[in-house]
Amino acid sequence: MDNVKNKAGFTLVEMIVGITIFSIILSAVAGLFATSLKAQRSNLAVEESLSQTSYVLEYMSRALRMAKKDLSASCLSLRGYNYENTNNDTSKIKFIKFDYSQNYDACYEFSLQGGILQESRTSLQTGVKTTQNLTSANLAINQLVFKLTGENQNNDIQPRVVIVLNLAGRENSQLQIQTTVSQRNLDVNE
């Protein structure tokens with residue numbers, strides 16, 4: 001009968017040790033799970049920022065590549081220029097491009113307004129101006145710079161624009177991207 005009494009259960013010390021070990025393991029697993037969720041959110045935020053940035057850079061590059069020389073100074077401040085930084089502000093660029101959707105030349109401007117990249121398009125025929133946002137509120141552009149080279153026809157340099165973007169997305173994701181776009185048409189004196 002004494003043998004049965006001794007094998008009946010756990011002591012208080014054994015229970016406390018068991019609960020402590022279980023708590024430590026559970027805390028480690030919960031911490032690992034929380035860390036992996038945070039990393040996943042951060043990766044998704046970077047992916048969203050890269051996706052928007054890729055779209056914006058491709059859109060601007062295509063437009064800048066197709067820019068035309070302003071021979072009448074109807075859009076730019078000087079005749080014969082391909083591009084100009086509006087009011088010498090390097091966060092803005094202005095140029096003429098044929099608008100295929102409306103079948104006329106338009107004066108385009110890309111600019112930074114309150115952390116959002118905007119495109120303004122003014123018809124050279126009707127003077128009607130439209131503006132649209134190119135980035136969403138989830139992507140804050142901290143810095144936008146357009147560096148121009150060969151923007152006028154008085155040099156022998158093919159026009160090109162260096163675009164520098166410094167941006168912040170959700171979950172504190174930070175990106176700095178730079179690309180160079182060269183004008184498609186040869187820059188010759190006209």
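For this chain, numbers begin at 1 and follow the sequence in order.
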Tyr83: partners by side chain to side chain donor-acceptor pair (under 3.5 Å), with sequence neighbours left out
none

Check whether any side-chain N or O of [X] sits under 3.5 Å from a backbone N or O of [Y] as a donor-acceptor pair, and report yes or no.
X	Y	answer
Ser54	Leu50	no
Gln52	Leu139	no
Asp105	Leu124	no
Ser23	Ile19	yes
Ser51	Glu47	no
Ser61	Val181	no

Min side-chain heavy-atom separation [X]-[Y] under 4.5 Å:
X	Y	answer
Leu44	Gln40	yes
Leu165	Ile141	yes
Ile93	Leu148	yes
Phe95	Gln183	no
Thr90	Lys147	no

Check for me whether the distance between the ring centres of Phe110 and Tyr108 falls short of 6.0 Å.
no

Can you give me the closest heavy-atom contact between [X] and [Y], atom names plus distance?
X	Y	value
Ile96	Ser74	CD1-OG, 3.9 Å
Arg160	Ser182	CB-CA, 3.9 Å
Thr179	Leu57	CG2-CD2, 3.9 Å
Ala63	Lys97	O-CD, 3.5 Å

For side-chain contact (heavy atoms from CB on, under 4.5 Å), just list the numbers for Gln113 and Lys92, CA-CA rounded to whole Å, side-chain angles, deciding distance to a tenth of an Å, and then say yes or no.
CA-CA 10 Å; Gln113 302 294 327; Lys92 299 178 180 180; 4.1 Å; yes

In sequence, state the C-alpha distance, the side-chain angles, and the governing distance for Phe146 and Val162, and then conclude on side-chain contact (heavy atoms from CB on, under 4.5 Å).
CA-CA 6 Å; Phe146 295 101; Val162 176; over 6 Å; no

[X] side, atom [atom1]; [Y] side, atom [atom2] - distance, nearest 0.5 Å:
X	Y	atom1	atom2	result
Glu84	Lys94	CD	NZ	6.0 Å
Arg79	Leu71	CZ	CG	5.5 Å
Leu76	Asn85	CG	CG	10.5 Å
Asn82	Asp70	CG	CG	9.0 Å

More than 12 heavy atoms of other residues, nucleotides or ligands under 6.0 Å from CD of Gln143: is that the case?
yes

Assess, by modelled atom type and distance only, whether the side chains of Ser120 and Gln118 contain a donor and an acceptor separated by less than 3.5 Å.
no

side-chain contact (heavy atoms from CB on, under 4.5 Å) assessment of Met60 paired with Val161:
CA-CA 10 Å; Met60 287 192 308; Val161 179; over 6 Å; no

